[in-house]
Amino acid sequence: MRRTPLCALHQESLSGMVHTLVLSPDKVFSLSLTLGCGQAFRWEQDRAGWWEGVVGDELIRVRQEGQVLTYTGTSDERLIEYFALDFDLSAVLDSIDRDPFIHAAIEECAGLRILRQLPWECLLSYICATNTNIPMVKKRVRLLAETLGERIPGTDQFTFPTQRVFSGICTGPLDQCRLGYRKDYLASTACRLAAVDGWEEQTRALSYEGARRELIGLPGIGPKAADCVLLFGFSRYEAFPVDVWIRRIMQQYYPDTAAEGPFTPKEYERIRRFARGYFGRYAGYAQEYLYGARMGAAAVP
DNA sequence: GCCCAGGACGGAA
DNA sequence: TTCCGTCATGGG
């Protein structure tokens with residue numbers, strides 16, 4: 001009996017089976033906008049157009065050509081879940097399409113979907129994201145994975161460190177992660193929650209406002225980070241994170257809500273409550289489209 | 001050197 | 001309760 005050469009087996013385990021997922025013609029999706037808009041920090045695109053990123057314990061490679069997704073490293077089910085491809089995006093975009101400003105953003109960013117990120121990783125990632133920029137956040141998250149995560153077999157990539165890893169950790173290993181003053185926040189929050197079995201489920205069971213209060217009680221998590229975690233990690237689409245960019249956009253397009261001068265918690269409240277009332281229960285999608293359109297415009301020389 | 005970046009915190013007012 | 005200075009880090 002002829003045996004399969006070892007090298008062939010090895011090759012398959014390295015690259016994984018190549019799968020294709022064909023989206024129906026009415027399914028609006030843009031892989032590049034979804035991964036390039038700054039909501040997740042572990043994805044990079046190579047010159048050939050492949051996106052590579054770690055989700056959970058899987059290294060996923062994926063690219064898009066029209067309505068065809070080609071990918072390795074995961075399954076249809078997990079891909080659909082992570083990219084929220086079962087979500088009726090068109091209906092949601094119709095519901096937030098309230099004026100020419102958001103309309104233009106929807107036109108420009110059509111197909112941008114809010115991911116279903118893993119809440120634990122999302123939480124710690126957004127502790128790394130205060131008062132900084134996206135490339136630095138990516139670097140910190142990568143260093144966290146390389147320092148405390150596990151190597152994914154056959155690759156040079158690492159998983160994001162689990163809740164268990166942080167139980168009883170001292171901050172020593174975090175020194176090399178370029179976290180700056182965020183180091184103690186991250187260690188405190190991670191240690192506190194590492195002892196809470198079922199933190200994710202408990203949080204999921206709360207109302208949006210209730211979960212938001214709980215998250216803001218964690219070290220390093222303020223209103224903005226809490227809203228990001230709820231939007232990107234818990235699919236709470238009423239969350240409307242307000243960062244410096246969103247504030248500028250609101251000043252420009254919806255000047256009644258925003259102010260000049262220092263950005264106060266009071267103004268944050270005013271903006272997010274306006275957005276919830278104005279755009280409706282999917283205000284978070286409006287936020288991402290306004291943000292994505294601004295970032296896209298900023299990227300153009 | 002300066003200013004800014006997907007802000008949050010602690011203490012003063 | 002609301003301001004205000006400060007907190008590492010790196011890029012432009």
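Note on naming: letters A, B, ... go to the chains in the order of the sequence lines (proteins, then strands), and numbering restarts at 1 for each one.
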Peer 1: Looking at A:Glu238 and A:Arg281, does any basic side-chain N land under 4.0 Å from a carboxylate oxygen?
Peer 2: no
Peer 1: Under 4.0 angstrom, heavy atoms only, what part of the nucleic acid is A:Pro219 near: base, sugar-phosphate, or nothing?
Peer 2: sugar-phosphate
Peer 1: Give one of base, sugar-phosphate or nothing for A:Gly220, where a contact means two heavy atoms less than 4.0 Å apart.
Peer 2: sugar-phosphate
Peer 1: Is it true that the side chains of A:Gln157 and A:Arg142 contain a donor and an acceptor less than 3.5 Å apart?
Peer 2: no
Peer 1: Write down the distance separating the P atoms in C:dT6 and B:dC2, rounded off to the nearest Å.
Peer 2: 14 Å
Peer 1: Between P on C:dA8 and CD on A:Gln176, what's the gap in Å once rounded to a whole number?
Peer 2: 19 Å
Peer 1: Respond yes when some side-chain nitrogen or oxygen of A:Arg182 is under 4.0 Å from OP1 or OP2 of C:dC7, and no when none is.
Peer 2: no
Peer 1: Do A:Thr132 and A:Arg140 have side-chain N/O donor and acceptor atoms under 3.5 Å apart?
Peer 2: yes
Peer 1: For A:Tyr291, which contact category applies under a 4.0 Å heavy-atom criterion: base, sugar-phosphate, or nothing?
Peer 2: base
Peer 1: Reckon A:Arg247 touches a base, only the sugar-phosphate, or nothing at all at heavy-atom distances under 4.0 Å?
Peer 2: nothing
Peer 1: If you measure from the Lys or Arg side-chain nitrogens to the Asp or Glu carboxylate oxygens, is any gap between A:Glu146 and A:Arg151 under 4.0 Å?
Peer 2: no
Peer 1: Are the charged groups of A:Asp86 and A:Arg113 less than 4.0 angstrom apart, N to O?
Peer 2: no
Peer 1: Can a cation-pi geometry be assigned to A:Arg61 and A:Trp50, taking NZ or CZ under 6.0 Å from the six-membered ring centre and within 45° of the ring axis?
Peer 2: yes
Peer 1: Any base atoms under 4.0 Å from A:Leu179, or only sugar-phosphate, or nothing? Heavy atoms, all strands.
Peer 2: nothing
Peer 1: For A:Cys128, report the nucleic acid contact type (base, sugar-phosphate, nothing); a contact means any heavy atom under 4.0 Å.
Peer 2: nothing
Peer 1: Using whole Å, report how far CG of A:Asn131 lies from P of C:dT9.
Peer 2: 13 Å
Peer 1: Work out how far the P atom of B:dG11 is from that of C:dA8, and round it to whole angstrom.
Peer 2: 15 Å
Peer 1: Using the closest heavy atom to pick a nucleotide of DNA chain B for each, name whichever of A:Gln287 or A:Ile221 lands nearer the 5' end.
Peer 2: A:Gln287
Peer 1: Can you give me the first and the last nucleotide of DNA chain B (5' to 3') that has an atom within less than 4.0 angstrom of a non-hydrogen atom in chain A?
Peer 2: B:dA5 to B:dC9
Peer 1: Looking at every strand, decide which applies to A:Val137 at a 4.0 Å heavy-atom threshold: base, sugar-phosphate, or nothing.
Peer 2: nothing
Peer 1: Between B:dG6 and C:dG5, how far is it from one P atom to the other, in whole Å?
Peer 2: 24 Å
Peer 1: May I have the distance from A:Phe263 (atom CZ) to C:dG5 (atom C1'), rounded to whole angstrom?
Peer 2: 18 Å
Peer 1: With heavy atoms under 4.0 Å as the rule, sort A:Glu267 into base, sugar-phosphate or nothing.
Peer 2: nothing
Peer 1: Between A:Arg212 and A:Glu269, does any NZ, NE, NH1 or NH2 come within less than 4.0 Å of an OD or OE carboxylate oxygen?
Peer 2: yes
Peer 1: Using atom NZ of A:Lys183 as one end and atom C1' of C:dC7 as the other, report the distance to the nearest whole Å.
Peer 2: 13 Å
Peer 1: Tell me what A:Leu218 touches on the nucleic acid: a base, only sugar-phosphate, or nothing, going by heavy atoms under 4.0 Å.
Peer 2: sugar-phosphate
Peer 1: How many whole angstroms separate atom OH of A:Tyr181 from atom C1' of C:dG5?
Peer 2: 13 Å
Peer 1: Have a look at A:Pro265 and say if it touches a base, only the backbone sugar-phosphate, or nothing, with a 4.0 Å heavy-atom cut-off.
Peer 2: nothing
Peer 1: Using distance alone, with no hydrogens and no angle criterion, decide if A:Asp243 and A:Tyr291 have a side-chain donor and acceptor under 3.5 Å apart.
Peer 2: no
